[in-house]
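Just so it is clear, the structure is predicted and the values come from calculations on it, not from any experiment.
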Amino acid sequence: MKFGVVVFPGSNCDQDCFYAVNDLLKQPVEYIWHKTTKLDQFEAIILPGGFSYGDYLRTGAIARFSPIMEAVIKYARSGGLVIGICNGFQILLEAGLLPGAMLRNTSLHFICKYVELKVENTATPFTSEYKPGQRVRIPIAHNEGNYYIDAKGLRSLKDNQQIVFRYTANPNGSIDDIAGIVNQEGNVLGMMPHPERSSEKDLGSSDGYLVFTSMLKWLKQKSIKP
Amino acid sequence: MFQAEIKITLKKTVADPQGLTVKHALESLDFKGINGIRMGKFIIVQLEAKDQAQAEVEVSSMCQKLLANPIIEEFSFEVKKI
């Protein structure tokens with residue numbers, strides 16, 4: 001199962017994501033420079049964390065218009081697996097692949113620490129290896145992780161079971177403690193915490209690794225269908 | 001040539017942690033009677049256009065497509081001939 005890690009100018013978690021797929025998950029993976037416009041050869045796309053385009057204007061606002069994003073939007077709309085982590089999540093919001101927007105953390109501080117999450121939905125391609133309601137330790141590292149959506153949008157997220165991860169102790173002001181959401185179809189996940197930074201015990205936690213094994217499991221099941 | 005002065009602020013319904021923090025800082029300096037502070041962005045764009053109306057259409061489109069995020073922000077602008 002071939003994974004692709006998109007690299008924008010200013011991405012800085014691309015190598016960590018590459019390592020998680022290549023060295024831990026033992027699956028083929030390639031970097032995809034943001035000027036690429038084709039994604040046909042990939043089974044899953046990772047938009048990694050970082051500070052694409054220096055976070056100028058708004059986080060993810062400029063990256064959203066990179067040449068690669070047109071292909072990512074097409075890929076996602078046709079059902080391909082896309083995960084956006086941290087800045088990747090912010091880019092997915094700006095691109096309109098996920099609803100809502102990010103505000104600055106209420107503390108106005110950049111927060112870099114382990115947080116506890118509750119897995120709210122295990123019926124997604126990204127979380128099937130978790131137990132429903134499982135508490136996991138995955139680190140965050142962001143200044144704009146204060147997720148915002150209007151009341152109508154929040155209702156719709158809840159009604160469609162799109163909230164996948166919640167903080168058990170809200171670190172950033174995020175509405176309804178939201179740490180990660182999927183789109184209505186379930187094939188696009190955005191999450192502020194970094195599963196790649198918690199994918200083996202030596203890193204302090206391997207709780208994030210199950211995001212990658214869930215994706216692999218889903219892809220394998222999909223490929224054996226007629 | 002035309003010059004647009006664009007103001008972008010968070011919508012009134014969206015909490016503004018920066019504005020709130022600055023308000024508290026001013027109050028701690030003994031400034032009294034501050035009812036609210038909203039922070040935002042100020043952007044100056046110089047552009048060529050056929051006339052004022054066309055310049056305004058262009059600038060409005062820039063705001064909608066990129067400069068402001070309609071989910072959380074609102075914008076206003078003034079265009080002048082320079």
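Sparse packing is recorded around CD of E78(B), with 12 or fewer heavy atoms of other residues, nucleotides or ligands lying under 6.0 Å away. Residue-environment remark: CD (E129(A)) exceeds the threshold of 12 foreign heavy atoms within 6.0 Å. Shown here is K23(B), whose NZ atom has more than 12 heavy atoms of other residues, nucleotides or ligands within 6.0 Å. Taking a 6.0 Å sphere around CZ of F31(B), one finds it holds 12 or fewer heavy atoms contributed by other residues, nucleotides or ligands. No more than 12 heavy atoms of other residues, nucleotides or ligands shown are found within 6.0 angstrom of CD on E70(A). Within 6.0 Å of NZ on K41(B) lie more than 12 heavy atoms contributed by other residues, nucleotides or ligands. Environment of CZ in F110(A): crowded, with over 12 heavy atoms of neighbouring residues, nucleotides or ligands closer than 6.0 Å.
Counting only heavy atoms from C-beta outward, the side chains of L10(B) and Y148(A) never approach each other to under 4.5 Å.
Minimum heavy-atom separation, L103(A) to A15(B): CD1-O, 4.0 Å. Nearest heavy atom pair, residue A101(A) against residue I71(B), reads CB-CG2, 4.0 Å.
When heavy atoms are compared at a cutoff of 4.5 Å, L57(A) approaches chain B by way of both its backbone and its side chain. In this structure, the portion of I43(B) lying under 4.5 Å from any heavy atom of chain A is its side chain and not its backbone. Only the backbone of N105(A) has a heavy atom closer than 4.5 Å to any heavy atom of chain B. Looking at K11(B), neither its backbone nor its side chain comes within 4.5 Å of chain A, counting heavy atoms on both sides.
Looking only at distances, a side-chain donor or acceptor of R58(A) sits under 3.5 Å from a matching main-chain atom of L66(B).
Of all the listed residues (L108(A), N146(A), I62(A), L93(A)), the one sharing the greatest number of non-hydrogen pairs under 4.5 Å with chain B is L108(A).
Going from atom CD1 of I72(B) over to atom CD1 of I149(A) covers 12.0 Å, rounded to the nearest 0.5 Å.
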